[in-house]
Amino acid sequence: MSEERFMDKIIEVCLRRGFVSPTAEIYGGAGGFYDYGPLGTLMRQKIIDLWRQSFVLDEDDIYEITGSTLLPEAVFKASGHLDSFDDPLVQCEKCKSMFKADEVIKGVTGKSAEGLSLEELDKLIADNNINCPSCEGTLAKTRDFNLMFKTEIGSTGGINGYLRPETAQNIFINFKRLANFMRNKLPFGVAQMGSSFRNEISPRNFLIRGREFEQMEIEMFYDQDKENEHPRFHEVADIEINLVTREMQEKGWKEPLKLTTEAAVDEGVIPNQYLAYYLALETEMLKAIGIPEDDFWFRHMQDHEAPHYSAGNFDLEADLSLGHMEIVGNALRTDYDLQKHAKASKSTFELTMPDGKKVVPHVFEPSLGVGRIFYTVLEKCYREDERGWTWFQFPPTVAPLEVAVFPLMKKDGLAELAQEIHNELKDAGYLSFYDGSGKIGKRYARADEIGIPYCVTVDYDSIKEFSVTIRDRDTMKQIKLPIEDLEIAIGELMDGEADFEEFNQES
RNA sequence: ACGCCAAUAGUCUAGCGGUAGGACUUCAGCCUUCCAAGCUGGGAACCCGGGUUCAAAUCCCGGUUGGCGUACCA
């Protein structure tokens with residue numbers, strides 16, 4: 001494989017310019033863990049801020065919480081995460097079938113093998129010459145398929161704990177207090193942003209599949225009888241979204257189906273308004289951070305693909321160099337989690353509606369992967385010309401740095417004035433960067449490479465007539481304007497209130 | 001997780017038994033009145049552990065990390 005992957009180019013810039021690097025690199029690293037560097041941290045924070053603004057702060061009935069990443073065993077016993085994957089499994093090397101190791105052993109020896117270590121199970125299989133129950137092939141080594149990181153809580157190891165494999169459980173187990181806080185009215189939503197952990201068998205593809213990953217999630221609680229009464233649905237009714245239905249997948253699809261959310265619900269393509277509402281919000285957010293709308297769609301997952309708790313998933317898939325990757329999970333979790341936790345903790349999670357009806361809310365969960373979205377932005381904004389120079393065409397909404405200030409020369413007081421302007425831009429709240437070394441063209445190139453949308457150059461006219469030049473990354477065009485107008489101009493350009501061309505005519 | 005392949009400055013790479021060379025980046029200085037290629041100088045590397053050998057970056061074994069394939073992905 002000598003052909004360079006597109007991803008390798010992205011990784012190379014990430015390492016060189018401080019976006020992302022492997023964790024514990026100097027000690028050989030740890031697979032599936034990554035650290036965000038200086039620029040990566042700025043950009044990641046902007047993505048999170050955008051989500052927080054449009055998914056949480058803009059809503060009246062949604063609040064964000066911050067839960068512990070380590071939770072006691074009982075939580076996952078109830079949620080189903082433990083039971084589904086706690087068993088040591090053996091795989092047949094010939095027919096690839098999976099079996100529970102203890103059941104295979106019991107089938108041959110008649111003795112229970114529960115609770116034995118992997119080594120003990122392997123020894124029993126070897127000692128008893130146990131082969132594959134279905135094809136008689138050789139069995140591979142026993143593996144533990146629980147993908148949760150386990151640890152002990154307390155110095156004496158009183159109870160087991162696990163790093164959460166999804167952020168959602170914090171919200172379900174706090175349901176009573178949260179419902180009380182929301183005055184027991186439906187619908188309401190609880191948001192959370194934070195890390196989750198899965199001890200993946202083989203992490204691959206950089207940020208796409210790590211062992212620690214961040215999720216931006218909402219658990220939206222609603223009355224299933226009112227699943228088509230989302231209070232703000234009318235605001236997104238006209239937004240077009242890309243859909244891939246189950247029928248389309250069976251027939252083999254080329255182009256996603258474009259429908260307004262309203263039409264999608266009316267025609268039964270999307271099961272309810274709550275789901276549709278969030279598909280619209282996600283579409284708007286991804287477009288705003290530089291991902292072209294034709295490059296992603298919502299795929300109705302087949303039954304066997306959906307998680308154990310889901311009655312249907314419409315996952316957002318992006319067309320990446322690696323293929324179609326799931327970037328956002330949209331799950332109809334029904335009342336699965338609340339019922340499970342109610343039973344296991346002997347709690348009541350029913351709410352009494354104004355008409356006296358008792359309701360265990362259903363849940364819709366949009367779960368956005370921070371790292372996956374981050375990587376998608378990098379791929380979709382990456383540009384390269386015939387000379388091999390590269391840059392990121394980040395929209396200002398996610399650009400890790402927003403403006404760079406350069407003195408045309410270091411001498412004659414230009415550097416001092418440029419530094420002053422840079423400080424003022426920072427005071428005004430912009431992510432500004434000062435660079436006075438080397439030649440001006442080199443500095444533009446350095447700024448382009450990390451996707452700074454605007455460069456401000458201080459030249460001799462700045463001293464003579466108090467003007468500066470703004471240079472647009474995407475067109476390399478320049479406009480000259482008075483220093484006193486700079487802050488407002490940068491702001492208007494970033495917000496899209498002013499067009500670079502228009503500005504040119506005005507000045 | 002299994003199989004095959006790989007690992008040299010910040011990045012990309014040359015060397016493949018006698019302790020490392022380049023390019024770009026970076027830093028200091030010179031030059032420079034707007035788009036990375038001028039000049040001088042300086043930094044900076046053989047993934048980790050064991051073995052073979054007089055001698056290992058180089059050969060062998062194990063580990064780690066990465067790629068590809070298969071598997072897995074709640």
Side-chain angles (χ1 to χ4, degrees), chain A residues 1-5 7-9 11-18 21-33 37 76 79-86 89-93 96-98 118 140-148 165-166 168-169 196 198-206 208-211 213 304-310 313 325-326 329 331 333 336-337 367 385 387-391 406-412 414 437-449 455-464 468-473 475-478 480:
Chain A
M1 279 291 152
S2 57
E3 200 178 318
E4 191 186 20
R5 298 182 312 159
M7 179 177 259
D8 292 332
K9 298 183 183 189
I11 293 173
E12 197 265 331
V13 185
C14 281
L15 294 172
R16 207 158 35 76
R17 301 305 307 267
S21 63
T23 295
E25 214 178 353
I26 62 166
Y27 291 111
F33 295 95
F76 302 112
S79 71
H81 288 96
L82 198 54
D83 284 346
S84 319
F85 284 89
D86 198 29
L89 301 180
V90 281
Q91 186 176 28
C92 171
E93 289 178 344
K96 303 291 178 194
S97 308
M98 292 283 208
L118 296 182
K141 276 200 167 178
T142 307
R143 298 182 235 166
D144 200 337
F145 266 66
N146 189 349
L147 298 186
M148 287 194 292
E166 59 168 1
Q169 294 306 324
S196 294
R198 295 179 192 177
N199 200 358
E200 298 285 353
I201 292 171
S202 86
R204 265 182 210 191
N205 292 334
F206 196 45
I208 297 294
R209 208 163 112 211
R211 286 185 164 129
F213 55 97
H304 67 272
E305 294 176 301
H308 70 271
Y309 51 68
S310 175
N313 264 54
M325 293 302 309
E326 177 199 326
R333 296 186 76 132
Y336 176 90
D337 298 275
S367 174
D385 68 13
R387 293 166 297 192
W389 300 356
T390 77
W391 69 98
F406 308 144
L408 185 58
M409 305 282 168
K410 270 190 276 194
K411 55 190 180 187
D412 301 327
L414 296 185
S437 78
K439 290 188 160 48
I440 188 83
K442 181 72 163 283
R443 287 179 245 153
Y444 285 140
R446 275 201 285 245
D448 289 348
E449 191 179 38
C455 294
V456 172
T457 305
V458 172
D459 59 19
Y460 286 94
D461 288 343
S462 307
I463 293 174
K464 275 186 268 173
V468 286
T469 306
I470 305 179
R471 177 259 199 191
D472 176 56
R473 174 196 63 206
T475 60
M476 300 203 295
K477 287 188 176 154
Q478 303 189 325
K480 200 157 217 179

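Proteins get letters first, then strands, A, B, ... in listed order; numbering begins at 1 in each.
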> With a 3.5 Å cut-off and just heavy-atom distances, do the side chain of A:Arg473 and the base of B:C35 make a donor-acceptor pair?
Replying inline: no
>> Can you measure A:Met409 atom CE to B:C35 atom P for me and round it to whole angstrom units?
In response: 11 Å
> How far does the C1' atom of B:U26 sit from the matching atom of B:A9, given to the nearest Å?
Replying inline: 11 Å
>> Test of understanding: with salt bridge (Lys or Arg N to Asp or Glu O under 4.0 Å), list the residues that count as partners of A:Arg198, not counting sequence neighbours.
In response: none
> Checking side chain to side chain contact (heavy atoms under 4.5 Å, CB included) for the pair A:Met7/A:Asn205: CA distance, chi angles, key distance, verdict?
Replying inline: CA-CA 8 Å; A:Met7 179 177 259; A:Asn205 292 334; 4.0 Å; yes
Interface polar pairs with nucleotides 40-46 of chain B, N/O, under 3.5 angstrom:
none

> Rounded to the nearest Å, what distance is computed from the CD1 atom of residue A:Ile11 to the C1' atom of nucleotide B:G67?
Replying inline: 10 Å
> So what does A:Ser310 hit on the nucleic acid, given a heavy-atom distance under 4.0 Å: a base, only sugar-phosphate, or nothing?
Replying inline: nothing
>> Tell me every residue that passes side-chain contact (heavy atoms from CB on, under 4.5 Å) with A:Arg16, counting only those two or more places apart in sequence or in another chain.
In response: A:Glu12, A:Val13, A:Glu449
> Which value, in whole Å, describes the distance between the C1' atoms of nucleotides B:G22 and B:U53?
Replying inline: 31 Å
> What residues form a side-chain contact (heavy atoms from CB on, under 4.5 Å) with A:Asp461, not counting sequence neighbours?
Replying inline: A:Asp459, A:Lys464, A:Glu465, A:Ser467, A:Lys480
> Looking at residues at least two apart in the chain, or sitting in another chain, which of them share a salt bridge (Lys or Arg N to Asp or Glu O under 4.0 Å) with A:Lys410?
Replying inline: none
>> As a quick check of understanding, evaluate side chain to side chain donor-acceptor pair (under 3.5 Å) for A:Tyr444 and A:Thr457, giving each step before the final call.
In response: CA-CA 10 Å; A:Tyr444 285 140; A:Thr457 305; 2.8 Å; yes
> Is it the case that A:Ser437 and A:Arg446 place a side-chain donor and acceptor less than 3.5 Å from each other?
Replying inline: yes
>> Rounded to whole Å, please give me the gap between CZ in A:Arg209 and P in B:A71.
In response: 12 Å
> Just how far is it from atom CE of A:Met409 to atom CD1 of A:Ile440, taken to the nearest 0.5 Å?
Replying inline: 8.5 Å
>> Tell me the interatomic distance from A:Lys480, atom NZ, to B:U33, atom P, rounded to whole angstroms.
In response: 15 Å
>> Tell me the interatomic distance from A:Glu449, atom CD, to B:U25, atom P, rounded to whole angstroms.
In response: 10 Å
> OP1, OP2 of B:U26 versus side-chain N and O of A:Lys442: anything below 4.0 Å?
Replying inline: yes
>> Any heavy-atom pair between the side chains of A:Tyr460 and A:Leu414 that's under 4.5 Å?
In response: yes
> What residues form a ring pair (Phe, Tyr, Trp, His ring centres under 6.0 Å) with A:Phe213, not counting sequence neighbours?
Replying inline: none
>> If we ignore hydrogens and angles and just use 3.5 Å, is the side chain of A:Asp472 paired with the main-chain N or O of A:Met476 as donor and acceptor?
In response: no
> If you measure from the P atom in B:C39 to the same atom in B:C5, how many Å do you get, rounded?
Replying inline: 45 Å
> Checking side chain to side chain contact (heavy atoms under 4.5 Å, CB included) for the pair A:Arg471/A:Asp448: CA distance, chi angles, key distance, verdict?
Replying inline: CA-CA 11 Å; A:Arg471 177 259 199 191; A:Asp448 289 348; 2.7 Å; yes
>> Holding to salt bridge (Lys or Arg N to Asp or Glu O under 4.0 Å), I want the full list of residues that pass it with A:Glu25, two or more places apart in sequence or in another chain.
In response: none
> If we take the C1' atom in both B:C73 and B:A36, what is their distance in whole Å?
Replying inline: 43 Å
>> Using the C1' atom as the point on both nucleotides, what is the distance between B:C47 and B:A6, in whole Å?
In response: 12 Å
>> What is the separation between atom CG on A:Asn199 and atom C1' on B:A1, rounded to the nearest whole Å?
In response: 12 Å
> In dot-bracket form, how is RNA chain B paired, counting a Watson-Crick or G-U wobble pair only if both its distances are under 3.5 Å and using | for bases paired to another strand?
Replying inline: (((((((..((((....[..)))).(((((.......)))))....(((((..]....))))))))))))....
>> Is the phosphate of B:U25 approached by A:Arg17 (side-chain N or O, under 4.0 Å from OP1 or OP2)?
In response: no
> Heavy atoms under 4.0 Å, any strand shown: does A:Asn205 hit a base, just sugar-phosphate, or nothing?
Replying inline: sugar-phosphate
>> Between A:Gly31 and A:Asp448, which residue's closest nucleotide on RNA chain B lies nearer the 5′ terminus?
In response: A:Asp448
>> Could you tell me how far B:G21 sits from B:U8 if I compare only their C1' atoms? Round to whole Å.
In response: 11 Å
>> A:Glu166: which residues meet the salt bridge (Lys or Arg N to Asp or Glu O under 4.0 Å) condition with it, sequence neighbours left out?
In response: A:Arg333
> Of all the choices, B:G69, B:C73, B:C35, which nucleotide is nearest to the side chain of A:Arg204 once you look at every atom?
Replying inline: B:G69
>> Expressed as a whole number of angstroms, how long is the span from A:Glu326:CD to B:C72:C1'?
In response: 15 Å
> Atom CH2 of A:Trp389 and atom P of B:A37: how far apart are they, to the nearest Å?
Replying inline: 7 Å
> What distance, rounded to whole Å, do you find between the two P atoms, one in B:G15 and one in B:U58?
Replying inline: 15 Å
> By side-chain hydrogen bond (donor to acceptor under 3.5 Å, both in side chains), which residues pair with A:Lys9, not counting sequence neighbours?
Replying inline: A:Glu384
>> Is it the case that the base of B:C34 and the side chain of A:Tyr444 share a donor-acceptor contact (distance under 3.5 Å, atom types as modelled)?
In response: yes
> If the P atom of B:C12 is compared with that of B:U52, how far apart are they to the nearest Å?
Replying inline: 35 Å
> Nucleotide by nucleotide, 5' to 3', does protein get under 4.0 Å of the base (B), only the sugar-phosphate (S), or neither (-) in nucleotides 5-13 of chain B, counting heavy atoms?
Replying inline: ------S--
>> Is there a side-chain contact between A:Arg211 and the phosphate of B:C73, meaning an N or O under 4.0 Å from OP1 or OP2?
In response: no
Taking only nitrogen or oxygen atoms into account, show me every contact under 3.5 Å that the protein makes with nucleotides 29-31 of chain B, one pair per line with its distance.
unit_1	atom_1	unit_2	atom_2	d
B:C31	O2	A:Lys439	NZ	3.4

> Does the B:C73 base have a donor-acceptor partner in the side chain of A:Arg198 within less than 3.5 Å?
Replying inline: no
> Is there a side chain to side chain contact (heavy atoms under 4.5 Å, CB included) between A:Phe206 and A:Cys14 once you walk through the steps?
Replying inline: CA-CA 11 Å; A:Phe206 196 45; A:Cys14 281; 4.1 Å; yes
> Which of the following nucleotides, B:U26, B:C34, B:A1, is nearest to the side chain of A:Ser202?
Replying inline: B:A1
